[in-house]
Protein chains: 2
Amino acid sequence: MDGDRTRALDQLLELTVLLGQDMAVGLARDGLTESRAHLLWVLDASGPCPQRHLADALGVTARTVTGLVDGLVDTGFVTRETHPTDRRATLVTPTPRGLAAVASLRAGQAELVGQLFGDVPEAEVAALVGTMDGVLDRLRAAIAAEAGGSR
Amino acid sequence: MDGDRTRALDQLLELTVLLGQDMAVGLARDGLTESRAHLLWVLDASGPCPQRHLADALGVTARTVTGLVDGLVDTGFVTRETHPTDRRATLVTPTPRGLAAVASLRAGQAELVGQLFGDVPEAEVAALVGTMDGVLDRLRAAIAAEAGGSR
DNA sequence: TATTGTTATACTCTATAACTATA
DNA sequence: TATAGTTATAGAGTATAACAATA
């Protein structure tokens, strides 16, 4: 039967919905939206950087980053500092509150790992990871093919 | 090691991003946004119905449905018909174009099943489905607990 | 009185285009 | 001439609150 394969996709689609809900709860508690949290996450990985870098990393326009940073400045998660050598650029810099928020996101993620996989036998987790590796590869390929086809 | 469990969550998070991208491509080709496609999908399942029903099914406010239906009417996917017995309500009804769009969504989903799982052995698919069943259960429970805790 | 859907208002995310200041 | 970030404008999705018409 092919029913299991259809069911597998249905499960993955439901998963995206539920993961989104779960994320949203934690973010709201921290006073963040998804997009702002994503920026903060990238910023934490890169260290203080110009907005241009964030725009490239997030895959959005420079204008969008202006808006996201505006919101994060207003709510106290980052500041705009002067760039030491390029006076066109600003150095987006996390505040202590911003750093704490990233730590909270990280903790939430670790907690979620425990909730979802803590009781799953190691062999089963390994099988899942192996299967998902292939699925992700094929999904990336499908997206690339679609993007290429409409070029 | 717990590395595999962390990796499993990372994979699932990446999956949500990629599935979203893949969806978006197909929807744009049909002239639909995600929210409007979701409404159309629910509408197809329920048959012509009042906006109130759609608001409940989508988990959004009545106002939001007004906006979504406005957009779908403007782009020719649905019409607002008079309700036969309740003159307060409208019957949102798919047009032929709306029905064709849902058929296209369904076909795209079937194609994706083939791309992602077509070459995966049945036993591996069955294992995936079994594992994901448990994961989804625990995720639902975690969300319910969070919602209950902040009540 | 309760319900359906609307107008009014506001916030977030996103985009393109034109512009300023600086490299 | 090219780049960083802004203002200007627009569209989509979401929400609350007040209101009209109808049940």
Side-chain angles (χ1 to χ4, degrees), chain A residues 16-17 20-21 23-25 27-28 30-43 46 48-93, chain B residues 16-17 20-21 23-25 27-28 30-43 46 48-93:
Chain A
T16 69
V17 174
Q21 282 180 23
M23 294 285 131
V25 175
L27 295 179
D30 288 342
L32 284 168
T33 63
E34 268 193 47
S35 294
R36 291 178 191 176
H38 192 184
L39 188 153
L40 214 47
W41 186 266
V42 167
L43 180 62
S46 71
C49 66
Q51 297 184 189
R52 178 72 254 165
H53 173 82
L54 297 170
D56 293 339
L58 298 172
V60 297
T61 63
R63 178 60 185 89
T64 296
V65 170
T66 297
L68 294 175
V69 172
D70 283 351
L72 287 165
V73 168
D74 288 347
T75 49
F77 289 95
V78 305
T79 57
R80 284 189 171 99
E81 305 296 332
T82 61
H83 192 289
T85 64
D86 187 341
R87 291 198 310 188
R88 295 169 305 177
T90 66
L91 269 190
V92 182
T93 309
Chain B
T16 70
V17 174
Q21 282 181 22
M23 294 284 132
V25 175
L27 294 180
D30 287 344
L32 283 169
T33 64
E34 269 194 47
S35 295
R36 291 176 190 177
H38 192 185
L39 188 152
L40 214 46
W41 186 266
V42 167
L43 180 62
S46 71
C49 66
Q51 295 184 193
R52 179 72 254 164
H53 174 82
L54 296 170
D56 293 339
L58 297 173
V60 297
T61 63
R63 179 61 186 88
T64 296
V65 170
T66 296
L68 294 175
V69 172
D70 284 351
L72 286 166
V73 168
D74 288 348
T75 47
F77 290 95
V78 306
T79 58
R80 283 188 172 99
E81 306 295 332
T82 61
H83 192 290
T85 65
D86 187 340
R87 290 198 310 187
R88 295 169 306 179
T90 66
L91 269 189
V92 182
T93 308

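In the text below, chain A, chain B and the rest are named by the order of the sequence lines, each starting its count at 1.
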| message | Taking the minimum atom-to-atom distance to the side chain of B:Arg63, which one of C:dA8, D:dT14, C:dG5 wins? | response | C:dA8

| Separation of B:Leu91 atom CG from D:dT22 atom P, in whole Å? | 16 Å

| message | side-chain contact (heavy atoms from CB on, under 4.5 Å) for A:Asp70 and A:Arg80? Distances and angles first, verdict last. | response | CA-CA 9 Å; A:Asp70 283 351; A:Arg80 284 189 171 99; 3.0 Å; yes

| Quick one: are B:Glu81 and B:Pro48 in side-chain contact, heavy atoms under 4.5 Å? | no

| query | Are A:Leu32 and A:Leu72 close enough that some pair of their side-chain heavy atoms sits under 4.5 Å apart? | reply | yes

| task | Return the value, rounded to whole Å, for the distance between atom NE2 of B:His38 and atom C1' of D:dT14. | result | 15 Å

| query | Is the distance from OP1 or OP2 of D:dT6 to the nearest side-chain N or O of A:Arg80 less than 4.0 Å? | reply | yes

| request: Round to a whole Å and report the spacing from CG of B:Leu39 to C1' of D:dT14. | output: 14 Å

| remark: Closest to the 5' end of DNA chain C, once A:Gly59 and A:Asp86 are matched to their nearest nucleotides, is A:Gly59

| said: Can you tell me if A:Thr64 touches the phosphate of C:dA15, counting only side-chain N or O atoms and a distance under 4.0 Å to OP1 or OP2? | reply: yes

| request: Flag the pair A:His53 / A:Asp56 as yes when at least one side-chain heavy-atom distance between them is below 4.5 Å, and no otherwise. | output: no

| query | Quick one: B:Asp70 CG to D:dG11 P, roughly how many Å, whole number? | reply | 14 Å

| said: Here's a test of your reading of the structure: between A:Ala62 and B:Ser35, which maps to the more 5' nucleotide of DNA chain D? | reply: A:Ala62

| Should A:Thr61 be listed as having a side-chain N or O under 4.0 Å from OP1 or OP2 of C:dA15? | yes

| request: Using whole Å, report how far CG of A:Leu68 lies from P of D:dG5. | output: 14 Å

| task | Could you tell me which non-hydrogen atom of B:Pro50 sits nearest to which non-hydrogen atom of B:Leu91, and how far apart they are? | result | N-CD2, 4.0 Å

| field | Phosphate-side-chain proximity, A:Arg52 and C:dT22, N/O vs OP1/OP2 below 4.0 Å | value | no

| request: Ignoring the backbone of B:Arg88, work out which of D:dG5, D:dA12, C:dT3 is nearest its side chain. | output: C:dT3

| field | Sugar-phosphate, base or nothing in reach of A:Arg87, heavy atoms under 4.0 Å | value | sugar-phosphate

| query | To the nearest Å, how far apart are B:Leu32 CG and D:dG11 C1'? | reply | 16 Å

| field | Side-chain N or O of A:Arg36 closer than 4.0 Å to phosphate OP1/OP2 of C:dT12 | value | yes

| said: Measure CD/B:Gln51 against C1'/D:dA20 and give the value in whole Å, please. | reply: 15 Å

| message | Check this one for me: any side-chain N or O of A:Thr66 less than 4.0 Å away from OP1 or OP2 of D:dT6? | response | yes

| task | Rounded off to whole Å, could you give me the CG-to-P distance for the A:Leu54 and C:dC13 pair? | result | 14 Å

| query | Does D:dG5 have OP1 or OP2 sitting under 4.0 Å from an N or O in the side chain of A:Thr90? | reply | yes

